[in-house]
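Structure first, commentary second.
Sequential numbering from 1 along the given sequence is applied to the chain's residues.
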Amino acid sequence: MARYFLALVLMLGSAMFVTGDAYAGGFALNEMSAGSLGNAHAGGAALAEDASTIFYNPAGLMRFTGRQASVSVSAIRPSAEFRNNGSTSAIGTPGSGGNGGDAGDWSAVPALFFATDLASGLRFGVGLQAPFGLKTEYDAGWVGRYQALRSELKTINVNPTVAWRLTPQWSLGVGISAQYADVTISRAIDFGTVCIGSLGVANCAPGGFLPQARDGSVKVDGNDWAYGFNLGALFEADRDTRFGMAYRAKIDHHLSGNARYTLPTGLPAPLAASPTFTDSGASADLKLPDTVSLSGYRALDRRWAIMSDITWTHWSRFKELRVNFDNGAASSVTPENWQNTLRVAVAANYRLDDRWLLRGGVAWDESPVKDTYRTPRIPDEDRTWLSFGGRYALSPGAAVDIGYAHLFVKDASINKAEPPVGGTLIGNYKNDVNILSIQYSAAF
């Protein structure tokens, strides 16, 4: 068992560096447990039915004794399809290019947890998760290429925790997060408009440098390690009723990396030699939000249980996307001005027999993105979750969970200007998300 568990640690630790899409509001990820997904994440801070409680509420570890492990993988497929409705270039002419295809794609989000006793009334656990992620990618020639081509955020969070029982009813938990973030963003550059604005039509037109006719591109990447903490409390009113509260602190990343430019062939020498378009070091700040969750769980009888959850996320910390360049070029600044959000979920479980537990849940998940500030990098809107799943007990100490959720996302309008040469992107997004998760949990 120990050998298999170590192999899973190595496999999932590697996989986390090649994943990342956003499925909760903004670019948060909740997919740490197939069981939780089957309940639309209702009762997350109170359910505490396997080692994944390390993420949702570390105090929940006190509901177990001995050693537990849980490993899950979520296959997530967001869809974001843009429809142009009058986008324009920087000089006011109609924007050229298509709708960009589907900016979403399949992604795998793994999670791994392990817990064990330290002493009477004291337990230790460690989790490996990806709590934030984002990936949107458009066709190279789409109409909004001067604002966004690829946007990707990948995280990995190492989360050791300790839990202890204060009284027969009250348990507390605390954890530390060591979090790695890796960000890549890219966009096209309209060198036709840049050339005419800098050198005039006479010096640019002979080489074909006209608006929207000769594109280059820039790709910026950066990474960082940063640290935070999480707290949890669990109140067990009786054997059938419990309430949980969890807090996960903000984390501030100071990303550093590089900006790399691709220039079109034949670019006039003054522009080709300009420091503005030379490869350079780059940096940016990424302010990730703190969250507070309140959850309840109630077993109605030996078959039925209900649960609920409300989660507040401090997204207003994300005020702008500012990239600074070492080559002297002006900073690239995109106002975001996100708003704080609430997520509300309710769910029910039905125990079919000694082996099967069936789950279902619904949730309303508010988007932090205001209509005025929506960008093609994160064309987010409010979403409604519909989830179901089940747990099958392989033995008294081992179980397999499966969960599925469909997210009905509101259509998102966009009217985004990107001065001085990015034009104005006008249109609508049709979005939805499908999530399928599988999990193995064991006590050993």
Look at atom [atom1] of [X] and say whether more than 12 heavy atoms of other residues, nucleotides or ligands are closer to it than 6.0 Å.
{"X": "Ile176", "atom1": "CD1", "answer": "no"}
{"X": "Lys370", "atom1": "NZ", "answer": "yes"}
{"X": "Tyr373", "atom1": "OH", "answer": "no"}
{"X": "Asp353", "atom1": "CG", "answer": "yes"}

Discussion item. Working note: Gln147 + Thr424, criterion side-chain contact (heavy atoms from CB on, under 4.5 Å); need CA distance, chi angles, decisive distance, verdict.
Written reply: CA-CA 9 Å; Gln147 297 192 16; Thr424 301; 5.5 Å; no
Item to complete: For the pair Val162 and Leu122, evaluate side-chain contact (heavy atoms from CB on, under 4.5 Å) and give the outcome as yes or no after the intermediate values.
Response: CA-CA 7 Å; Val162 175; Leu122 185 67; 3.6 Å; yes
Measure the acute angle between the ring planes of [X] and [Y], then classify it against the limits of 30° and 60° as parallel, tilted or perpendicular.
{"X": "Trp142", "Y": "Tyr138", "value": "parallel"}
{"X": "Tyr180", "Y": "Trp225", "value": "tilted"}
{"X": "Trp356", "Y": "Tyr392", "value": "tilted"}
{"X": "Trp338", "Y": "Phe318", "value": "perpendicular"}
{"X": "Phe388", "Y": "Tyr404", "value": "tilted"}
{"X": "Trp170", "Y": "Phe235", "value": "tilted"}

How about [X] and [Y]: do any of their side-chain heavy atoms sit closer than 4.5 Å?
{"X": "Thr375", "Y": "Glu418", "result": "no"}
{"X": "Leu128", "Y": "Val158", "result": "yes"}
{"X": "Pro78", "Y": "Asn431", "result": "no"}
{"X": "Thr136", "Y": "Pro376", "result": "no"}
{"X": "Ile402", "Y": "Leu436", "result": "yes"}
{"X": "Thr384", "Y": "Val362", "result": "no"}
{"X": "Leu394", "Y": "Val400", "result": "yes"}
{"X": "Asn340", "Y": "Glu366", "result": "no"}

Please step through side-chain hydrogen bond (donor to acceptor under 3.5 Å, both in side chains) for the pair Asn349 and Asn39, ending with a clear verdict. CA-CA 8 Å; Asn349 289 347; Asn39 290 133; 2.8 Å; yes
Could you give the distance from [atom1] ([X]) to [atom2] ([Y]), rounded to the nearest 0.5 Å?
{"X": "Glu49", "Y": "Asp401", "atom1": "CD", "atom2": "CG", "value": "6.0 Å"}
{"X": "Lys287", "Y": "Asp252", "atom1": "NZ", "atom2": "CG", "value": "4.5 Å"}
{"X": "Met245", "Y": "Phe243", "atom1": "CE", "atom2": "CZ", "value": "13.5 Å"}
{"X": "Asn230", "Y": "Tyr56", "atom1": "CG", "atom2": "OH", "value": "13.0 Å"}
{"X": "Asn258", "Y": "Lys219", "atom1": "CG", "atom2": "NZ", "value": "10.0 Å"}
{"X": "Phe408", "Y": "Asp432", "atom1": "CZ", "atom2": "CG", "value": "8.5 Å"}

Sidechain-backbone polar pair: [X] side chain, [Y] backbone, donor-acceptor under 3.5 Å:
{"X": "Asp301", "Y": "Arg303", "answer": "yes"}
{"X": "Ser151", "Y": "Lys135", "answer": "no"}
{"X": "Glu152", "Y": "Glu137", "answer": "no"}
{"X": "Ser331", "Y": "Val333", "answer": "no"}
{"X": "Gln179", "Y": "Ala226", "answer": "no"}
{"X": "Arg377", "Y": "Arg150", "answer": "yes"}
{"X": "Asn99", "Y": "Arg83", "answer": "no"}
{"X": "Thr53", "Y": "Ala48", "answer": "no"}
{"X": "Thr155", "Y": "Phe132", "answer": "yes"}
{"X": "Asp117", "Y": "Gly66", "answer": "yes"}

List the atom of [X], the atom of [Y], and the distance in Å for their closest heavy-atom pair.
{"X": "Ser367", "Y": "Glu381", "result": "CB-C, 3.3 Å"}
{"X": "Ala282", "Y": "Val323", "result": "CB-CG1, 4.3 Å"}
{"X": "Thr311", "Y": "Ser293", "result": "OG1-OG, 2.8 Å"}
{"X": "Ala412", "Y": "Asp380", "result": "CB-O, 4.2 Å"}
{"X": "Asp290", "Y": "Tyr247", "result": "OD2-OH, 3.4 Å"}
{"X": "Ala130", "Y": "Met32", "result": "O-CE, 3.5 Å"}

Does the pair Asp309 and Leu294 meet the rule for a side-chain contact (heavy atoms from CB on, under 4.5 Å), with working shown?
CA-CA 6 Å; Asp309 178 88; Leu294 299 173; over 6 Å; no
Problem set entry | Counterpart residues, side-chain contact (heavy atoms from CB on, under 4.5 Å), relative to Arg67 (two or more places apart) |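 Arg67 satisfies side-chain contact (heavy atoms from CB on, under 4.5 Å) with Phe114, Thr116, Phe444 only.
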For this session: Just do the salt bridge (charged side-chain N to carboxylate O under 4.0 Å, His left out) check on Asp102 and Arg77 with the steps written out, would you?
Result: CA-CA 11 Å; Asp102 192 338; Arg77 177 55 163 98; 3.3 Å; yes
Of Val183, Thr184, Asp182, the one forming a side chain to side chain contact (heavy atoms under 4.5 Å, CB included) with Asp221 is Thr184
- Among Leu61, Val174, Leu231, find the residue that satisfies the side chain to side chain contact (heavy atoms under 4.5 Å, CB included) test when tested with Thr161.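 When side chain to side chain contact (heavy atoms under 4.5 Å, CB included) is applied between Thr161 and each of Leu61, Val174, Leu231, only Leu61 qualifies.
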Checking Glu31, His41, Arg359 against Ser36 for side-chain hydrogen bond (donor to acceptor under 3.5 Å, both in side chains), the one that qualifies is His41
Between Asp50 and the options Arg63, Gln439, Gln68, the side-chain hydrogen bond (donor to acceptor under 3.5 Å, both in side chains) test singles out Gln439
Practice prompt. Using the side-chain contact (heavy atoms from CB on, under 4.5 Å) rule, take Leu288 and Arg248 through it: C-alpha gap first, then chi angles, then the decisive distance, then the call.
Written response: CA-CA 11 Å; Leu288 299 178; Arg248 188 165 287 273; over 6 Å; no
_Checking Glu236 against Arg165 for the salt bridge (charged side-chain N to carboxylate O under 4.0 Å, His left out) test, could you report, in this order, the C-alpha distance in whole Å, the side-chain angles of both residues, the deciding distance, and whether it holds?_
CA-CA 11 Å; Glu236 298 176 84; Arg165 187 173 292 280; 3.2 Å; yes
